[in-house]
Amino acid sequence: MPSKIEDLKDIAQEVLDNKFTQVSGYDAAFLYAESPTSPMHVATLVIVEGSINFKDFKRIVASKLHLMPKFRQRLMHVPMDLDYPYWVDDPNFELDLHLNRMKLADPSNWESLRRTTSRIFSAPLDLRRPLWSIHFIEGIDEIPQVPKGSVAIVSKVHHVMIDGNSGVGLMGILFDKDDKVRTIEKSEIKKFEPDPLPDDISLLIKSGYSFLKNPFKLPKTLAETAMAFIRTRASKTLSIQKEFATARYPVPITIFNGNVSPRRTWGTAILSFDRINSLRKLMGVSINDLILGICAGAIRRYLKEKEKLPLQPLVANVPISIRGQNDTSQDNKIANMMIQLATHIEDPLERLEYIQEQTMLGKARHKTMGAKTLAKMADAVPFGLANLAAGLYSKYNIKDLHRPPFNVTITNVPGPTKVLYLNGHKVVSIFGLTPVVDGFGLIIAAFSYNGRISITTTSDKRTMPDCYVFSRYIRESANELEELIVGSQKKKSSEKKVVKQKSESTLFFNALKRYLKKAPGFVKKYKGIYHIHVDMGASSEYWEINLEKEPATVKKATILDPKTVLEIEDENLYALYKKKLLFDELKVQQRLKLEGTVANKRKLTDLIKAFLNR
């Protein structure tokens, strides 16, 4: 009898220790969407300059696994699928089962690498093991601007583990920010000591305990959603959103919304970030707006040439990161925004203006609804039903019974701005591949790295067998848009008289100066020197906020300190001051840019928010 009591105590302690964590409802959706034709992993193709020894690479991965706990964990299901599964340490973890070494087939050029990557990406991960794999591909000899003998690294990670933004964080772990060559000794590799696997009783008790802690989780989430919905409706009656919200625009059925095949296809277009950023400034739009406009041009051309262009504009699902500034977790934290792509408009500039209007309305609705409320809804699904619903949707082709909620997914993930290295070897390029499922056979992922933006299209052999053609259309769409924007700006310049510009945002700095005089405690709290670059189009102004000592000073500067700089357009700073825009809204829309250390960027952000909320 005492031994049984001790066993029960051990089980209870195991549950309370929280050694194993549960998959969230949002993450579980990616797990339940897995099917024979739709493996739900994301992949990254990284091209590294020069030859790397495979044994050295293996030691690099082994030395950093302790920084990525889920890479040595597997999923363990609750009996009868009564709840979402749990992450548990895999006692049988073997690194060799996740690393694959191969040589690129001749001719070892870009086309051969693209085909090899497609084949690797098409194969599903083993759901019984930690959900990742890496293929180390040697012998890249015939790709222009890539040194002979370079290597490619194709990593696959299941979407249940990771989203785009947390994936960027993992790059900071695996890759280096300097070109130093490091020798890793075996003694430096931390030994893996997995926790014991929980038994079925422990999982059932933990799930029951979680429910008892929050038995009103479902009604609570629904109540929060209802309140957010009421606020949304109220704002619609008082704003420009009303016309758009009541239109109930139809989503057309396209060739992108059929059943997908198991074989993946992909292609990529590489654009200059500086060129895109220049166009952003000229048009007064966000980077995201331009990416959507470029993709919309390529989609319109592709469908028109195949005589499949619908009369109604296609609708894009645009994922938005809701990850906090200090959030370093690897879980999925994204919400979705639906945007009409204006594929019914022939003129590229009119199309871009239409898209900008849609994104501004979409972000306003998204902000009012509350991204966290949207994310919580997935966790309110009754236990076990999510798996059943996802399986039935695919098995019985339920997508054929209704119009698709959207036609294509277009995502934009800001990546590292500086060069990355792998043990002294420069990372040349990074490309992201994403999963497609029945009904949604096209996804376009833009990823920025070291001054370039790669726009990578992922589809399947049935939906888009010629991804490389579509990628060429993306490049040509970008060139066409650039030519028209530059041409229109030159025309406007020639029609206007040259007058000296006056900054509207001077009011912001004058008010800030008065505010800091009345709040001397700010000097100690936000100590530092910060610079703001105000872009006025044809000219610029530079301001310095000096909080190094009392009294604080706010004055114009002739040069910028590159350590901490906020770059923002004059009209946006003025609108911020007048409370017509929010700081976080401009940040999400990429209409302001912060440079500097994490600590200084946070202090400058907090200072501006405190001033605006005075």
Side-chain angles (χ1 to χ4, degrees), residues 164-165 232 235-236 239-249 251 271 273 276-300 312-323 334-345 347-371 374 405-414 442-448 453 455 474 477-478 481-482 484-485 568-569 571-572 575-576 580-593:
N165 284 75
T232 304
S235 69
K236 285 175 182 174
S239 71
I240 192 174
Q241 296 178 44
K242 185 175 180 181
E243 180 181 352
F244 180 79
T246 55
R248 296 187 180 277
Y249 55 88
V251 178
L271 308 176
F273 180 83
I276 297 293
N277 199 36
S278 296
L279 299 181
R280 175 192 68 80
K281 293 179 180 179
L282 289 174
M283 289 298 292
V285 299
S286 69
I287 294 288
N288 208 44
D289 294 337
L290 277 167
I291 297 295
L292 291 173
I294 290 168
C295 293
I299 290 171
R300 173 183 164 86
Q312 303 97 339
L314 272 71
V315 176
N317 167 38
V318 182
I320 302 172
S321 175
I322 57 173
R323 186 174 299 279
I334 51 179
N336 301 285
M337 181 171 65
M338 301 300 160
I339 300 295
Q340 286 183 302
L341 288 178
T343 48
H344 62 304
I345 298 175
D347 183 82
L349 289 181
E350 291 181 19
R351 193 185 307 130
L352 178 61
E353 290 171 357
Y354 186 97
I355 288 171
Q356 183 194 22
E357 181 182 349
Q358 299 303 303
T359 57
M360 291 181 70
L361 291 171
K363 287 182 185 296
R365 286 196 303 277
H366 175 269
K367 180 181 65 180
T368 309
M369 181 68 174
L374 295 172
F406 55 87
N407 303 111
V408 56
T409 295
I410 303 177
T411 178
N412 177 25
V413 179
L442 177 62
I443 182 166
I444 304 170
F447 183 82
S448 59
I453 299 178
I455 303 181
I474 288 178
S477 174
L481 198 56
E482 180 181 43
L484 290 172
I485 290 174
I568 187 171
E569 292 179 11
E571 59 181 342
N572 288 336
L576 200 63
K580 294 179 181 179
L581 292 173
L582 297 175
F583 187 89
D584 289 336
E585 182 181 5
L586 289 173
K587 190 174 180 181
V588 168
Q589 295 176 355
Q590 299 177 3
R591 294 162 75 183
L592 60 81
K593 183 179 179 182

(Q) Taking Arg280 first and then Glu569, would you say they form a salt bridge - that is, a charged N and a carboxylate O separated by under 4.0 Å? (A) yes
**Q.** Exam field: side chain Arg591 to backbone Ser286, donor-acceptor pair closer than 3.5 Å
**A.** no
Q) If every non-hydrogen atom of Leu290 is compared with every non-hydrogen atom of Ile276, which pair is closest and at what distance? A) CD1-O, 3.3 Å
(Q) Thr409: which residues meet the side-chain contact (heavy atoms from CB on, under 4.5 Å) condition with it, sequence neighbours left out? (A) Asn317, Pro319, Phe406, Ile443
Q: Evaluate the criterion side-chain contact (heavy atoms from CB on, under 4.5 Å) for residue pair Leu271 and Ile294; output intermediate values, then yes/no.
A: CA-CA 11 Å; Leu271 308 176; Ile294 290 168; 4.1 Å; yes
Q) Sequence neighbours excluded, which residues qualify as salt bridge (charged side-chain N to carboxylate O under 4.0 Å, His left out) partners of Asp584? A) Lys609
Q. Is a side-chain donor or acceptor of Gln356 paired with a backbone partner of Gly284 at a separation under 3.5 angstrom?
A. yes
Q: Quick one: closest heavy-atom pair of Gly293 and Ser477, and the distance?
A: O-OG, 4.2 Å
Q. What are the two closest non-hydrogen atoms of Leu292 and Val318, and how far apart are they?
A. CD2-CG2, 3.9 Å
Q | Criterion side-chain contact (heavy atoms from CB on, under 4.5 Å) on Ile410 and Ile339, from CA distance to verdict | A | CA-CA 10 Å; Ile410 303 177; Ile339 300 295; over 6 Å; no
Q. Closest heavy-atom contact between Ala446 and Ile453?
A. CB-CG2, 4.2 Å
Q) Hey, is the main chain of Asp289 close enough, under 3.5 Å, to the side chain of Thr359 for a donor-acceptor pair? A) no
Q: Could you walk me through whether Arg300 and Leu341 pass the side-chain contact (heavy atoms from CB on, under 4.5 Å) test, one step at a time?
A: CA-CA 9 Å; Arg300 173 183 164 86; Leu341 288 178; over 6 Å; no
Q) Checking side chain to side chain contact (heavy atoms under 4.5 Å, CB included) against Gln340, which of Gln312, Gln358, Glu357 comes through? A) Gln358
